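As C-alpha cells, the structure follows; a few thoughts come after it.
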Amino acid sequence: MARHSFPILVAIDGPAGSGKSSVSRAVARRLGFAYLDTGAAYRALAWLVLDRNIDETALSDAAQADAVTALLKDFDYSIGTDPDEYFVTVGQADVTDAIRSPEVSAAVSAVARVPAVRQALTELFRSLAANVDRPGVVVEGRDITTIVAPEAEVRILLTASEEARMTRRSAEITTQSAETVAEQLRSRDRADSQVVDFMSAADGVITVDSTHLDFEQTIEAVIDVIHTRTKRAFNE
Ligand SMILES: Nc1ncnc2c1ncn2[C@@H]1O[C@H](COP(=O)(O)OP(=O)(O)O)[C@@H](O)[C@H]1O
Ligand SMILES: Nc1ccn([C@@H]2O[C@H](COP(=O)(O)OP(=O)(O)O)[C@@H](O)[C@H]2O)c(=O)n1
C-alpha cells in the first residue's frame with residue numbers, strides 16, 4: 001500500500017480499562033487506518049528492566065532513572081501497527097503476551113515517569129505515526145492528545161466510571177481476584193496521573209464516556225467524532 005504523506009491522526013487518551021486499546025483497534029480496522037498502542041512501548045521497556053534483573057525497588061529515584069535511561073540504547077523495539085497483525089518485540093523476543101503480566105503492570109509506572117524515557121518514546125511514537133501506510137492512524141495512550149500529538153485532527157478522551165473499568169478489566173484477568181485487579185488498576189492510575197493528566201479533557205478534546213455504552217456503541221461514538229471532526233467519510 002502507498003504511504004500517505006499526511007495520515008489523519010486520531011489521538012485517544014484515557015485511564016486504564018476505559019477501552020482505549022480494544023476500541024481504537026476496532027475503529028482502525030473499520031476505517032482502514034493503522035493502530036498505534038503507545039502503552040505497549042512503556043510496558044516493553046518495563047519488561048526489559050525485569051528481564052535484566054534490575055531491582056528498581058532497591059534503587060533511589062535518581063539511580064532508577066539512570067538505570068532505565070541507560071537501557072534505552074539497547075531498546076530494540078518494534079510493534080505492529082496493522083490492527084489485524086498486532087505484535088510487540090524487543091530484539092528477538094516476542095513480548096506481545098509477556099508485557100501484559102501483573103509483574104510488568106506493577107513495574108511500568110516507575111519506568112514511565114522517567115523524563116528521558118518519555119522524551120525518547122514520544123519521538124518514537126511521532127515517527128511511527130507519521131510513517132504508516134494507511135490514510136490515517138489511531139494512536140492511543142495517556143498523553144497523545146496533549147504531548148505526543150496535540151495538533152491531531154481528532155482528539156478524544158475515552159472515559160468510563162471507575163466501577164465499569166474495574167469490572168471490564170477483572171473480566172479479562174482470570175488469574176487474579178477482582179479485588180486485586182481493581183487495587184492494582186487504581187494504584188497504577190494514581191501513579192500515572194502524577195505524570196500526565198488523562199482524567200480531564202484538555203481544550204479541544206472531545207470526551208466519550210463509555211460507562212453506559214456497550215462495545216459496539218463506543219466504537220460508533222468514536223467513529224462519529226472522527227467523521228464530525230474531519231468532515232470526511234472513510235471506507236467502513
Ligand atoms: N464500552 C464497553 N463496554 C463493555 N466492555 C468494553 C467496552 N469498551 C471496552 N470494553 C472491554 O473492556 C476491557 C478493557 O478494555 P481495553 O481496551 O483493554 O482498555 P484500555 O486499553 O483502556 O486499558 C476489554 O475486555 C474490552 O473488550
Ligand atoms: N502514552 C502513554 C501510554 C502509556 N503510558 C504508561 O504505560 C502504562 C501501560 O499503558 P497501557 O495503555 O498499556 O495500559 P492499560 O490502560 O491498557 O492498562 C501506563 O500505566 C502508563 O504508565 C504512558 O505513560 N503514556
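As the structure is a computational prediction, the values presented were derived from the model and not from experiment. One-based numbering, in listed order, for ligands and for the atoms of each.
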Worksheet item: Arg169 heavy atoms, cut-off 4.0 Å: which ligand 2 atoms fall inside?
Response: 15 (P), 17 (O), 18 (O)
Fill in: Within reach of ligand 2, part of Arg188 (heavy-atom separation under 4.0 Å)
side chain
Discussion item. Does Arg43 form a side chain to side chain donor-acceptor pair (under 3.5 Å) with Ser105? I'd like the steps, not just the answer.
Written reply: CA-CA 7 Å; Arg43 285 177 176 274; Ser105 296; 3.1 Å; yes
Practice prompt. May I ask which of Asp143, Val104, Asp37, Ile147 has a heavy atom nearer to atom 1 (N) of ligand 2 than the others do?
Written response: Asp143
Fill in: Taking atom 21 (O) of ligand 1 as the reference point, the nearest protein heavy atom with its distance
Ser21 OG, 2.4 Å
Practice prompt. Around atom 1 (N) of ligand 1, find the nearest protein heavy atom and jot down its residue, atom name and distance.
Written response: Thr218 OG1, 2.8 Å
Worksheet entry | Distance filter under 4.0 Å to Lys20 heavy atoms, resulting ligand 2 atoms | 16 (O)
Worksheet item: Should the pair Glu183-Arg190 be classified as a salt bridge under the 4.0 Å nitrogen-to-oxygen rule?
Response: yes
Could you give the side-chain donor-acceptor pairs of residues 135-146 under 3.5 Å, partners two or more places apart or in another chain?
unit_1: Glu140; atom_1: OE2; unit_2: Ser21; atom_2: OG; d: 3.4
unit_1: Glu140; atom_1: OE2; unit_2: Tyr35; atom_2: OH; d: 2.9
unit_1: Asp143; atom_1: OD2; unit_2: Arg118; atom_2: NH2; d: 3.0
unit_1: Thr145; atom_1: OG1; unit_2: Asp13; atom_2: OD2; d: 2.6

Fill in: Interatomic spacing from CD1 in Ile156 to CD1 in Ile206 - rounded to 0.5 Å
7.5 Å
Worksheet, complete the sentence: One finds that the ligand 2 atoms under 4.0 Å from a non-hydrogen atom of Gly141 are 1 (N), 3 (C)
Worksheet item: Does any N/O atom on Val23 come nearer than 3.5 Å to any N/O atom on ligand 1?
Response: no
Worksheet entry | Atom indices of ligand 2, in the order listed, that fall short of 4.0 Å to a heavy atom of Thr38 | 1 (N), 2 (C), 3 (C)
Worksheet item: Do other residues, nucleotides or ligands put more than 12 heavy atoms under 6.0 Å from the CD atom of Gln119?
Response: no
Worksheet item: Just wondering, are more than 12 heavy atoms of other shown residues or ligands nearer than 6.0 Å to CZ in Arg232?
Response: no
Item to complete: Please step through side-chain contact (heavy atoms from CB on, under 4.5 Å) for the pair Tyr77 and Leu48, ending with a clear verdict.
Response: CA-CA 10 Å; Tyr77 176 75; Leu48 191 61; over 6 Å; no
Discussion item. List ligand 1 atoms under 4.0 Å from Leu213, heavy atoms only on the residue side.
Written reply: 1 (N), 2 (C), 3 (N)
Item to complete: First locate atom CZ of Arg186, then atom CD of Glu162, and finally report the distance between them rounded to the nearest 0.5 Å.
Response: 5.0 Å
Practice prompt. For Ala112, take its heavy atoms, then give the atoms of ligand 2 lying under 4.0 Å from any of them.
Written response: 6 (C), 22 (O), 24 (O)
Discussion item. For atom 15 (O) of ligand 1, tell me which residue out of Gly19, Gly141, Ser18 has the closest non-hydrogen atom.
Written reply: Gly19
Discussion item. My understanding is that only one of Leu9, Thr81, Asp82 makes a side chain to side chain contact (heavy atoms under 4.5 Å, CB included) with Val132; could you say which?
Written reply: Thr81
Fill in: Spatial distance of atom CG (Leu36) from atom CG (Leu128) [nearest 0.5 Å]
5.5 Å
Worksheet item: Mind checking whether Arg118 has an N or O less than 3.5 Å away from an N or O of ligand 2?
Response: yes
Item to complete: Look only at interatomic distance and state if Arg169 has a nitrogen or oxygen under 3.5 Å from any nitrogen or oxygen of ligand 1.
Response: yes
Worksheet item: For atom CD of Glu163, is the number of surrounding heavy atoms from other residues, nucleotides or ligands below 6.0 Å larger than 12?
Response: no
Item to complete: Verify salt bridge (charged side-chain N to carboxylate O under 4.0 Å, His left out) between Asp37 and Arg100, making sure each step is shown before the conclusion.
Response: CA-CA 13 Å; Asp37 168 5; Arg100 307 287 153 197; 3.2 Å; yes
Worksheet item: So is Pro15 in contact with ligand 1, going by heavy-atom distances below 4.0 Å?
Response: yes
Worksheet item: Quick one: does Gly14 get within less than 4.0 Å of ligand 1, heavy atoms only?
Response: no
Worksheet item: Side chain, backbone, both or neither: which part of Arg100 comes within less than 4.0 Å of ligand 2 when only heavy atoms are counted?
Response: side chain
Fill in: Shortest protein heavy-atom distance from atom 22 (O) of ligand 2, along with the residue and atom involved
Asp192 OD1, 2.7 Å
Practice prompt. For side chain to side chain donor-acceptor pair (under 3.5 Å), just list the numbers for Arg168 and Ser210, CA-CA rounded to whole Å, side-chain angles, deciding distance to a tenth of an Å, and then say yes or no.
Written response: CA-CA 12 Å; Arg168 289 173 191 170; Ser210 75; 3.0 Å; yes
Worksheet item: Among protein heavy atoms, which lies nearest atom 11 (C) of ligand 1, and at what distance?
Response: Arg168 CD, 4.1 Å
Practice prompt. Measure from atom 11 (P) of ligand 2 to every heavy atom in Arg113, Glu172, Arg43 and give the option owning the shortest one.
Written response: Arg43
Worksheet entry | Reported CD-to-CG distance for the pair Gln92 and Asp76, which is rounded to 0.5 angstrom | 8.0 Å
Worksheet item: So is there a nitrogen or oxygen of Ala16 less than 3.5 Å from a nitrogen or oxygen in ligand 1?
Response: no
Worksheet entry | Minimum-distance protein heavy atom relative to atom 26 (C) of ligand 1 | Ser22 OG, 3.4 Å
Item to complete: Measure Glu172 to ligand 1 on non-hydrogen atoms and call it side chain, backbone, both or neither using the 4.0 Å cut-off.
Response: side chain
